[in-house]
Enquirer: 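Encoded as structure tokens, here's the structure I'll be asking about.
The model shown is predicted, which means the values in this text are computed figures rather than measured ones. In the text below, chain A, chain B and the rest are named by the order of the sequence lines, each starting its count at 1.
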Amino acid sequence: MSSIISQAPILAIILPLLGSPLCALLRGGVVPWAFTTILSALSFWISIDLLFLVNQSGPISYELGGWAAPWGIEYVIDPLSAFVLLIISGISTGVLIYARESICKEVAPSRHGLFFSAYLLSLAGMMGITATGDAFNIFVFLEITSLSSYVLISMGEKNDKRALTAAFQYLILGTIGATFILIGVGLLYLMTGTLNIADIASQFDSIEDTRPIRAAVGFLVVGIAIKLAMFPFHSWLPNAYSYAPTIITAFFAGTATKVSVYLLIRFIFTMFGWDFAFGDLPLTQLLIPFAVLAYLSMSVVAIFQDNLKRLLAFSSVAQLGYMTLGIALASETGLTAGILHIFNHAIVKTGLFLSVGAMFFVTGSTYLKDLAGIGQRMPLTTFGFVLGGLALIGVPLTPGFISKWYLVQAVLERGDMLGYGLAITMLISSLFAVIYVWRVVEVAYFKPSPDNAPKGEAPMSLLIPSWLFIAAMFYFGIETSMNVGFAEAAAAFLMGGAN
Amino acid sequence: MSFFDHYNYWIFVILFVIGLYTIMSRTNLIKKMIGLSLFQIAVFLFYITMGKIEGGTAPIFVDDPNAVYSNPLPHVLILTAIVVGVATTALGLSLVVRIKESFGTIDEEEILRQEEDSK
């Protein structure tokens, strides 16, 4: 057993990666789905083990092929990456339980093998980005995730042909972002002669004043910002989320952008170091305006959406603004709030998108006008959605409140006018969230159902997973020792490494 | 240091900007893909330039203690990036084919007009 656990860092990634081609051979039916779910659950189990192992005995370094670190490729699992690995594999497993009936309806049965093959690739890519300690490997895994996600998003085409153009738009922007990251990594290699993140970080002090390094930081931050859908680079996200198949939207809303937030934290805190990123470079002053604009403007845009999936997508861009703000505050409390919000928002948004997916399963539409009176027709699903909406607003007992609480603390910790101003903008943005959640409630409960609208609740296999996320949300909103504890441990580790 | 001392880097920058401009200015999806390819190819050139050492030979071991080798690592890295580039181009072009089948056009403005109408 102990020999297996010593291989855990690679197992969590290699299982879905090698499972993917096998899955493509499995053709249609239930088999590819079951296979994918089992692999994802195994990854989840390994991630839990890793998280506890890391919290007990410190960061794990795994050398691929037995080659020592600066020469060979190294996987590093530290508190932050273990936490993000857990989020990714957990969300993926929960979403996959939901997938069976929903995917049968949205994707042709003959393509199931290929569909789940792409899904596994995307999962492996995200896990790989999180686990690797090698700068070039990040680019490779990023492209594995991106290429498979373009395919998965375009699969929504059976319901709406706009999925194709959304996938194409994402392909153009995503490739530009990834290529920017590639140039940044190239410039770093040019100056240091190494690709190992720890190695680059140890040399960073002596080279940080050179022009190539400044260019590299610029390319990396902009490249990640595109992948992260940071305002104003978010234009690909609403379309991609609106037209993708249900489970893909839920999966990506919970994980894909979160992995990019992880990358941003990894580069800023581990590689550049705190002093350089927030001392020599004005990253705080650069990121805060974009973060504030993101959650203010995108919350307003969300109010005016008539497609429920699109409304949630814009709200996602707004919530990413909170995470960026947490990072930009450059304090341990801020970083804790940012990491905590990665976790909390992942659970909430996945639960919300799964509820919307259940409505879509029954009514065949996500437009608000078709969902009128859905509260009477599908009481359980709609109630779950409303509870998730409360978390977006940040009502106490929900995780949205916990992360906002920590974020407000971090903002007020600054003790200057900017801090108070930021707290007020967060309050305003929460009020906008009340409006867009209320719009859905109004349509769902106070409008008459359209004539001959389909009645009846969604099947149990859809209802249970979406309620699983809603229930988990309340669990983590009340019993916060786990998520806050791990977020604090990760933040303390990153700040300790920086100072 | 004159302009031409580092002309490889200048070619990289020029190709890079041409590619980016093509992506942004063209409405034809195929031309966009061409711009994207150009944009990626520019980066390949950048990596290859990085590995070159003046007077260095190909990094194949020869029986000469004075031999200077070019750095093989960037070449290996860019081989990976070339594969990624080919995959992206292939996927992008196949999406264009499906778009053409569904919308009957590959002009972005025409597609946008159709999407507006279908709302």
Enquirer: Would you please go through residues 180-204 of chain A and name the residues with a non-hydrogen atom below 4.5 Å from one of chain B, in numerical order?
Expert: A:F180, A:L182, A:I183, A:V185, A:G186, A:L187, A:Y189, A:L190, A:L195
Enquirer: More than 12 heavy atoms of other residues, nucleotides or ligands under 6.0 Å from CZ of B:R26: yes or no?
Expert: no
Enquirer: Show the numbers, then the answer: is there a side chain to side chain contact (heavy atoms under 4.5 Å, CB included) between A:F139 and B:L77?
Expert: CA-CA 10 Å; A:F139 165 75; B:L77 294 183; over 6 Å; no
Enquirer: Say you draw a straight line from CD1 of B:I99 to CZ of A:R162; how long is it, rounded to the nearest 0.5 Å?
Expert: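 Between B:I99 CD1 and A:R162 CZ, I get 13.5 Å after rounding to 0.5 Å.
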Enquirer: To the nearest 0.5 Å, how far apart are OG in B:S94 and CZ in A:F168?
Expert: 10.0 Å
Enquirer: Any heavy-atom pair between the side chains of A:T175 and B:F39 that's under 4.5 Å?
Expert: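 When only atoms from C-beta onward are counted, A:T175 and B:F39 do not touch, as no gap falls below 4.5 Å.
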Enquirer: Please lay out, stage by stage, how A:T165 and B:E115 fare under the test side-chain hydrogen bond (donor to acceptor under 3.5 Å, both in side chains).
Expert: CA-CA 10 Å; A:T165 43; B:E115 289 188 346; 2.6 Å; yes
Enquirer: For atom OH of B:Y21, is the number of surrounding heavy atoms from other residues, nucleotides or ligands below 6.0 Å larger than 12?
Expert: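 No - once you tally the heavy atoms of other residues, nucleotides and ligands closer than 6.0 Å, there are 12 at most.
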Enquirer: Got more than 12 heavy atoms from elsewhere within 6.0 Å of CZ, A:R111?
Expert: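 No, CZ of A:R111 has 12 or fewer neighbouring heavy atoms, counting only those of other groups under 6.0 Å.
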Enquirer: Mind ranking A:I172, A:I176, A:V151, A:V140 by heavy-atom pairs under 4.5 Å with chain B and telling me who comes out on top?
Expert: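 It is A:I176.
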Enquirer: I need the A:L147 CG to B:T88 OG1 distance, nearest 0.5 Å.
Expert: 4.5 Å
Enquirer: So which residue, B:L20, B:L112, B:L73, ends up with the most heavy-atom pairs under 4.5 Å with chain A?
Expert: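 When all of B:L20, B:L112, B:L73 are compared, B:L73 has the most.
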Enquirer: Look up atom CG in B:L29 and atom CD in A:Q169, then write down how far apart they are to the nearest 0.5 Å.
Expert: 11.0 Å
Enquirer: Where do A:L164 and B:R98 come nearest, in terms of heavy atoms and distance?
Expert: CD1-O, 3.6 Å
Enquirer: Given A:K161 and B:E101, is the side chain to side chain contact (heavy atoms under 4.5 Å, CB included) satisfied, shown in steps?
Expert: CA-CA 10 Å; A:K161 61 183 180 179; B:E101 282 171 7; over 6 Å; no
Enquirer: How long is the gap from OG on A:S154 to CG on B:L91, to the nearest 0.5 Å?
Expert: 7.0 Å
